[in-house]
Amino acid sequence: MDNLNPENKKEFYPQACSIIPGVFPQIERDTNRNGKIIDFTPTILPEDLKVKITGRRTIKNKVDFNNKKTIVSFGRGIKETPEKNIKLIEKFAKEIEAEIGISLPISKKPYIINENLSSTYMIPDRVIGTSGRKVNPLVYFAVGISGAVQHIAGMKEAEFVISINPDAEAPIIDESDIFIKGKIEEVLPLLINEIKKYKEKMQIPQEIK
Ligand SMILES: Cc1cc2nc3c(=O)[nH]c(=O)nc-3n(C[C@H](O)[C@H](O)[C@H](O)COP(=O)(O)OP(=O)(O)OC[C@H]3O[C@@H](n4cnc5c(N)ncnc54)[C@H](O)[C@@H]3O)c2cc1C
């Protein structure tokens, strides 16, 4: 190290390395070691500045999950009547003031539906999981989602998880506080109805348009 010359750019070329935590055992702290401080004023030549920052723009997500206490996510379980089911999910989400998330395959627009609905909901911005967003709402509804590890990684911090799925063997059951064994088409209308009745009884304003 003593022979290193800061002017020799080959020796000091920017280098980066990333290591996953836990790969190497932590070494004991050695307080006898001292770093060597080298005073150095770099000479920057025009040819060194190959990259020029001409502007900076922060890309904001269109979908704001952070400000919602409840998220309703749907997956390929909508497949039998996709358009009808998305409208049902949309209605349910409005009723409980939730944001809508999706599983990754839905972002690939696997079903042909009304363009307006697909461009609103079948978009990468709504994907929950390793390829999308990590969320931590108070309540997370997984509707027609099997519960693949990549999806779980995005929602496992949710306080309370409610799933709707006809398959009691679906892995999402292990992440659920409440598992409703049933189809979207059957369960959501019942829930919407009950919520409406509850709001009426408690005099809470109905669905926010
Ligand atoms: C590198 C990599 C990264 C990935 N990243 C992500 C990611 O970030 N997010 C993500 O979600 N996935 C991700 N995936 C994909 C993931 O592995 C799964 O394929 C995906 O999550 C499955 O989506 P799904 O649950 O919608 O569909 P499926 O696995 O097909 O599940 C559909 C579920 O719907 C149920 N169902 C069927 N009919 C009904 C009905 N009428 N009503 C209610 N339920 C019904 C079924 O029983 C089933 O459990 C990734 C995969 C890879 C390889």
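Note that ligands are numbered from 1 as they come in the structure, with each ligand's atoms numbered from 1 the same way.
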- Task: Begin from the C-alpha positions of Asn85 and Glu185 and carry the test side-chain hydrogen bond (donor to acceptor under 3.5 Å, both in side chains) through to its verdict.
- Result: CA-CA 7 Å; Asn85 281 335; Glu185 301 85 336; 3.2 Å; yes

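If you number the atoms of ligand 1 from 1 as listed, the ones under 4.0 Å from a heavy atom of Pro105 come out as 20 (C), 22 (C), 23 (O). Proximity to Asp167 (heavy-atom distance under 4.0 Å) selects the following atoms of ligand 1: 47 (O). Distances below 4.0 Å separate heavy atoms of Lys79 from the following atoms of ligand 1: 37 (C), 38 (N). Here is the list of ligand 1 atoms found below 4.0 Å of a heavy atom in Gly75: 26 (O). Of all atoms in ligand 1, numbered sequentially from 1 with element shown, those under 4.0 Å from a heavy atom of Gly129 are 7 (C), 8 (O), 9 (N). Within ligand 1, the atoms closer than 4.0 Å to a non-hydrogen atom of Ala148 are 16 (C), 17 (O), 18 (C), 21 (O), numbered from 1 in the order shown.
Any N or O atom pair closer than 3.5 Å counts here, and Ala170 shares no such pair with ligand 1.
The heavy atom nearest to atom 17 (O) of ligand 1, out of those in Glu80, Arg76, Gln150, is found in Gln150. The closest non-hydrogen atom to atom 46 (C) of ligand 1, taken over Ile164, Leu188, Asn165, Val143, comes from Asn165.
Counted within 6.0 Å of CD1 on Ile112, heavy atoms from surrounding residues, nucleotides or ligands total 12 or fewer; the atom is thus considered open. Counting heavy-atom neighbours within 6.0 Å of Glu47 CD, excluding the residue itself, gives a total above 12. Within 6.0 Å of NZ on Lys109 lie more than 12 heavy atoms contributed by other residues, nucleotides or ligands.
Using 4.0 Å as the threshold, Pro166 has a heavy atom nearer than that to some atom of ligand 1.
Checking atom 1 (C) of ligand 1 against the protein gives no heavy-atom contact under 4.0 Å.
Between Phe92 and Phe141, the distance separating the two ring centers is shorter than 6.0 angstrom.
Among protein heavy atoms, atom 3 (C) of ligand 1 sits closest to Ser131 OG, 3.2 Å. Ranking the protein heavy atoms by distance from atom 12 (N) of ligand 1 puts Leu104 CB, 3.3 Å first.
Minimum interatomic distance between Asp125 and Phe65 (heavy atoms only, all atoms of both residues): O-CE1, 3.9 Å.
Under the 4.0 Å criterion applied to side-chain N and carboxylate O atoms, Glu175 and Lys156 are not assigned as salt-bridge partners.
Applying the side chain to side chain donor-acceptor pair (under 3.5 Å) test between Glu99 and each of Lys69, Arg126, Lys68 identifies Arg126 as the sole match.
Heavy atoms of Ile128 found under 4.0 angstrom from ligand 1 belong exclusively to the backbone.
Side chain to side chain, Tyr121 and Glu90 meet the donor-acceptor criterion of an N or O pair below 3.5 Å.
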